[in-house]
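Notes follow the structure.
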Amino acid sequence: MHRASIYLAAGQWPTEKTTGSLTLDFDLRHRRRIRLTTDQGDDILLDLPQAAAMADGDGLQLDDGRWLKVQAALEDLVEIRHKDPVHLMRLAWHLGNRHLPTEIRHNVLRIRPDHVIENMLHGFGAHLQRTLSAFQPEGGAYGHSHEHGHSHEHGHSDEHGHSHEHGHSHEDHHGPNSHD
């Protein structure tokens, strides 16, 4: 099994040397070490020095010198719109406060389906539409997206200046008494 231990962003690797591709959803594009199967059916070991949030068009070099093009798989997503751009920014804040991977486009936000979040967004007057598209959420303040239910080493303050230490589960953010 060949190893892919060199990752370069789109425009930084020799695309003319592409010998195969990997079509991966967002979760599989944000890894350090995992066994993957190329679109051509070859098993490889992704073995990067650190986790990378790979995007569509990025490249991985195999230990034999060959290059693979990373392709973003289509995923079931929810597009969020609001007629008021300021309110759309507030919706983005609510999603970020819940550490939800969110893709920010010109006049639309994209998230993965989540009925609790969708109900909250409807309550804030958002217009939601399902779509099948590649998902490339923002990296966040620390350069990577947060997964649901993991612990944090940092605290946050809410809009009232109250400090919050995280280490909560995904569900902690969605209760009817949430102060968000």
* Asked: Counting only N and O atoms by type, is there a donor-acceptor contact under 3.5 Å from the side chain of E138 to the main-chain atoms of P101?
  -> no

* Check whether any side-chain N or O of T131 sits under 3.5 Å from a backbone N or O of S133 as a donor-acceptor pair, and report yes or no. => no

Measure the [atom1]-[atom2] distance between [X] and [Y] for me, rounded to the nearest 0.5 Å.
X	Y	atom1	atom2	value
D114	L121	CG	CG	9.0 Å
M120	R98	CE	CZ	4.5 Å
Q61	S5	CD	OG	7.5 Å
L109	R81	CG	CZ	9.5 Å
T15	L8	OG1	CG	12.0 Å
D56	K69	CG	NZ	6.5 Å

Report the residues that fulfil side chain to side chain contact (heavy atoms under 4.5 Å, CB included) with [X], sequence neighbours left out, ordered by chain and then residue number.
X	result
T37	D43
R105	E103, V108, R110
L74	L132
A51	R32

* For Q71, which residues count as a side chain to side chain donor-acceptor pair (under 3.5 Å) partner, sequence neighbours excluded? -> T23, D39

* **side chain to side chain donor-acceptor pair (under 3.5 Å) partners for N119, two or more places apart** => none

* More than 12 heavy atoms from other groups under 6.0 Å of CD on Q50 -> no

* To do: Inspect the surroundings of CZ in R130 and state if more than 12 heavy atoms from other residues, nucleotides or ligands are less than 6.0 Å away.
  =>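 Enclosed: over 12 neighbouring heavy atoms sit under 6.0 Å from CZ of R130.
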
* Residues R29, Q136; criterion side-chain contact (heavy atoms from CB on, under 4.5 Å); working and verdict -> CA-CA 10 Å; R29 290 192 328 269; Q136 192 66 47; 2.8 Å; yes

* Take V78 and E118 through the side-chain contact (heavy atoms from CB on, under 4.5 Å) test and state the conclusion after the steps. => CA-CA 8 Å; V78 176; E118 291 173 54; 3.7 Å; yes

* Flag the pair I111 / I80 as yes when at least one side-chain heavy-atom distance between them is below 4.5 Å, and no otherwise. =>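 Yes, side chains in contact.
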
* Asked: Is there side-chain contact between F26 and E75, with heavy atoms separated by less than 4.5 Å?
  -> yes

Tracing side-chain links under 4.5 Å among I, L, V, M, F, W and Y, which residues wind up in one group with [X]?
X	result
M1	L45
V86	M89
I34	Y7, L22, L24, L28, L36, I44, L46, L48, M54, L60, L62, L68, V70

* Structure fact -> Hits for ring-ring contact (aromatic ring centres under 6.0 Å, His included) against H87, two or more places apart or cross-chain, chain-then-number order -> H82

* Asked: Taking only residues at least two apart or on different chains, which pairs with a member in residues 2-21 satisfy salt bridge (charged side-chain N to carboxylate O under 4.0 Å, His left out)?
  -> R3-D47

* Just grab all the ring pair (Phe, Tyr, Trp, His ring centres under 6.0 Å) pairs involving residues 58-79, residues at least two apart or on different chains. => W13-W67

* Asked: Taking all non-hydrogen atoms of both residues, which atom of A73 and which atom of D25 are closest, and how far apart?
  ->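 The answer is CB-N, 3.7 Å.
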
* **Heavy-atom pair with the smallest gap, counting every atom of L91 and F124** =>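 Answer, listing the atom of L91 first, then F124: CD2-CB, 3.5 Å.
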
* Take L128 and E79, measure what side-chain contact (heavy atoms from CB on, under 4.5 Å) needs, and give me the verdict at the end. => CA-CA 6 Å; L128 308 180; E79 289 190 338; over 6 Å; no

